[in-house]
Amino acid sequence: MSVMFTVSPDFAPDRLSGWYIFNTWLQKQSAEAIHLEMYNHYQDLHQAIAEDKIDLIYANPFDAAMLVREKGFLPLVRAKGESDEAIIAVNADSNINDVADLKPNTRVAFTDDPDVRLMGMIMLEPADLHTGNIVPLLSDNHVLVAKHLLKGEADVGIILAEAYDNLSGMIKKQLRVLVRSQISVIYHSLMIGPRLQNRRDDFQKILVAMDKDEKGNGVLNALGFSAWQKIEDEEMEFMIDLMDTLNT
Amino acid sequence: MIVDMKPEDIVGEYREATLTYYDGKSRKVLYTELETPYPDGKLIVSTTTPDGVISHVNRAFVEMSGYSEAELLGAPHSILRHPDMPAAAFKDLWDTVLRGEKWQGFVKNLRKDGGYYWVKATVIPNVRGGKVVGYTSVRRKPSRSKVDECIALYPTLF
Ligand SMILES: Cc1cc2nc3c(=O)[nH]c(=O)nc-3n(C[C@H](O)[C@H](O)[C@H](O)COP(=O)(O)O)c2cc1C
């Protein structure tokens with residue numbers, strides 16, 4: 001039986017090949033036939049999870065609670081030193097200097113990345129903004145969020161901090177960061193589903209040792225990570241509780 | 001565990017009040033009118049044991065409260081209680097989480113230096129293996145309009 005691996009649709013497009021290389025590496029190391037299936041939209045991913053098709057997933061923190069509590073997934077590892085942060089950006093020429101200046105009907109551009117959107121909306125709360133009183137501009141990716149700001153089609157944009165930092169200098173020069181989150185305890189995690197859980201320890205060992213192996217280290221580079229770090233069950237539970245408080 | 005606040009820790013002119021806690025113990029607090037603005041983009045996180053004793057704090061908590069991590073761990077969470085906060089708010093907090101539900105509210109907290117800071121707090125029970133092993137509170141920046149509403153409302157709840 002083949003094992004199905006997937007990556008949360010918010011992966012950086014230039015890491016796509018990295019995930020395929022990682023999948024090949026993991027197959028060899030674990031001697032499991034692993035098939036990588038990439039979904040472009042959360043809707044498709046959630047459908048696959050609901051149908052119990054997934055065995056391994058590099059999951060968005062927003063999905064972690066559902067995966068653990070409803071689907072019996074357990075955490076394996078996270079990328080060492082990486083956490084999900086969001087920024088609120090405006091056009092460099094905008095007269096908005098503080099989130100508190102924003103008024104109802106502000107045009108907010110964001111992607112369907114659920115944890116970034118959640119963190120972003122929390123950073124807009126000091127202006128009494130919420131999903132009910134903004135004009136939402138759902139965008140296909142973070143570059144398009146930036147473009148909405150440049151063209152004056154959006155007043156503020158919610159962007160994954162890492163994606164913002166990787167925007168071209170040309171684009172960044174025309175934008176200004178109003179707020180950058182400093183949460184540091186919300187992160188993506190590689191998780192393992194019920195069908196494969198008898199191999200959890202093996203997978204954890206292989207992954208934690210990955211950076212010490214020359215080939216493995218190269219694969220990590222292709223993903224933009226330095227190493228994998230084990231996630232304790234309680235750490236995952238803590239993050240799920242945290243997401244739960246933010247989700248209100 | 002909580003001792004009276006000391007004048008040498010206080011920054012600025014202060015007033016005195018004696019708080020009586022839920023368990024009947026009391027503490028002398030010294031407080032000023034100096035507000036520390038909530039830092040943009042940060043969350044203030046703490047976890048307590050089932051009876052409200054602090055068991056974990058993040059860096060933002062340490063920075064905003066003015067206490068060291070060592071002073072906070074093992075202390076009851078009421079170490080931050082401000083005399084302007086009505087007991088009814090905390091009764092509602094505890095009634096809610098003891099029912100296993102999420103509580104959300106606006107809280108004025110007392111710093112070690114006598115100053116204060118407003119937060120929007122969400123408290124949830126930490127359920128592990130079907131048992132409540134503690135509570136976690138995550139605070140975020142409140143809007144000024146919500147804080148102003150509380151400034152008007154809370155004095156009427158005493
Ligand atoms: C997780 C958690 C976080 C809390 N955070 C605060 C806080 O930041 N400030 C505060 O005054 N009380 C906080 N409380 C409530 C205190 O436990 C306490 O009820 C309150 O300070 C009033 O004191 P009393 O109940 O002893 O009268 C928190 C309780 C829990 C369970």
Side-chain angles (χ1 to χ4, degrees), chain A residues 61 65 68-69 83-90 96-104 106 115-116 118-130 133 156 158-159 161 164 177-186 232-248, chain B residues 35 37-50 55-64 93 96-97 100-107 117-150:
Chain A
V68 170
R69 300 210 168 139
S83 64
D84 292 14
E85 304 288 354
I87 61 132
I88 302 289
V90 293
I96 304 289
N97 292 306
D98 187 330
V99 163
D101 300 339
L102 296 167
K103 297 277 179 302
T106 293
D115 77 319
V116 172
L118 184 64
M119 291 189 276
M121 287 307 296
I122 284 173
M123 291 194 283
L124 295 179
E125 273 184 12
D128 285 317
L129 294 183
H130 50 82
N133 67 359
V156 298
I158 299 172
I159 306 180
Y164 177 84
V177 175
L178 272 193
V179 198
R180 178 183 285 262
S181 75
Q182 297 173 61
I183 297 173
S184 76
V185 278
I186 293 176
E232 302 295 342
D233 289 348
E234 176 52 29
E235 263 178 273
M236 177 56 60
E237 290 291 337
F238 180 71
M239 187 175 77
I240 290 173
D241 280 347
L242 217 93
M243 291 301 292
D244 199 10
T245 68
L246 298 181
N247 229 330
T248 322
Chain B
E35 176 165 11
Y38 194 104
D40 275 316
K42 291 194 187 180
L43 297 176
I44 301 175
V45 183
S46 65
T47 296
T48 71
T49 61
S55 53
H56 162 84
V57 290
N58 73 348
R59 184 151 12 125
F61 191 111
V62 171
E63 285 164 6
M64 283 301 280
L93 182 164
T96 305
V97 297
E101 294 166 18
K102 213 183 285 193
W103 181 86
Q104 200 160 57
F106 295 86
V107 180
Y117 57 102
W118 279 97
V119 301
K120 177 180 177 182
T122 310
V123 183
I124 56 158
N126 306 125
V127 181
R128 305 286 183 270
K131 272 208 208 85
V132 174
V133 297
Y135 300 98
T136 293
S137 175
V138 178
R139 296 91 175 167
R140 34 180 132 155
K141 185 170 177 167
S143 74
R144 204 61 230 176
S145 67
K146 289 289 192 312
V147 169
D148 289 342
E149 280 173 29
C150 293

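Quick caveat, the model's predicted, so the values are computed rather than measured. In the text below, chain A, chain B and the rest are named by the order of the sequence lines, each starting its count at 1.
- One finds the CG atom of B:Asp40 at 13.5 Å from the CZ atom of A:Arg180 (value rounded to the nearest 0.5 Å).
- The most heavy-atom pairs under 4.5 Å with chain B, out of A:Met119, A:Met123, A:Glu237, come from A:Glu237.
- With a threshold of 4.5 angstrom between heavy atoms, B:Arg140 approaches chain A through side-chain atoms but not through N, CA, C or O.
- Interface with chain A: from residues 56-64 of chain B, residues B:His56 qualify, criterion being any non-hydrogen pair under 4.5 Å.
- With chain B as partner, the option from A:Ala127, A:Ser184, A:Ala86, A:Ser181 having the largest number of non-hydrogen pairs under 4.5 angstrom is A:Ser181.
- Put simply, of B:Val127, B:Val147, B:Val123, B:Thr122, the one with the most heavy-atom pairs under 4.5 Å next to chain A is B:Thr122.
- Residues B:Arg128 and A:Glu234 are paired through a salt bridge, judged by an N-O separation under 4.0 Å between the basic side chain and the carboxylate.
- Looking at B:Thr47, only its side chain comes within 4.5 Å of chain A, counting heavy atoms on both sides.
- Rounded to the nearest 0.5 Å, atoms NZ (B:Lys120) and CD1 (A:Ile122) are 8.0 Å apart.
- Options A:Leu178, A:Leu242, A:Leu246 differ in how many heavy-atom pairs under 4.5 Å they form with chain B, and the most are formed by A:Leu246.
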I'd like to know whether A:Asp128 forms a side chain to side chain contact (heavy atoms under 4.5 Å, CB included) with B:Lys146, so could you lay out the CA-CA distance, the side-chain angles of the two residues, the decisive distance to 0.1 Å, and finally the verdict. CA-CA 8 Å; A:Asp128 285 317; B:Lys146 289 289 192 312; 3.5 Å; yes

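- Side-chain atoms of B:Thr136 and A:Asp241 form no donor-acceptor pair, as typed in the model, at a separation below 3.5 Å.
- Interface residue B:Lys141: backbone and side-chain heavy atoms are both found under 4.5 Å from chain A.
- B:Ser143 and A:Pro126 get closest at one heavy-atom pair: CB-O, 3.2 Å.
- In this structure the side chain of B:Lys42 never reaches within 4.5 angstrom of the side chain of A:Ile183, judged on heavy atoms.
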Pair B:Lys102, A:Thr248 - check side chain to side chain donor-acceptor pair (under 3.5 Å), show working. CA-CA 9 Å; B:Lys102 213 183 285 193; A:Thr248 322; 2.7 Å; yes

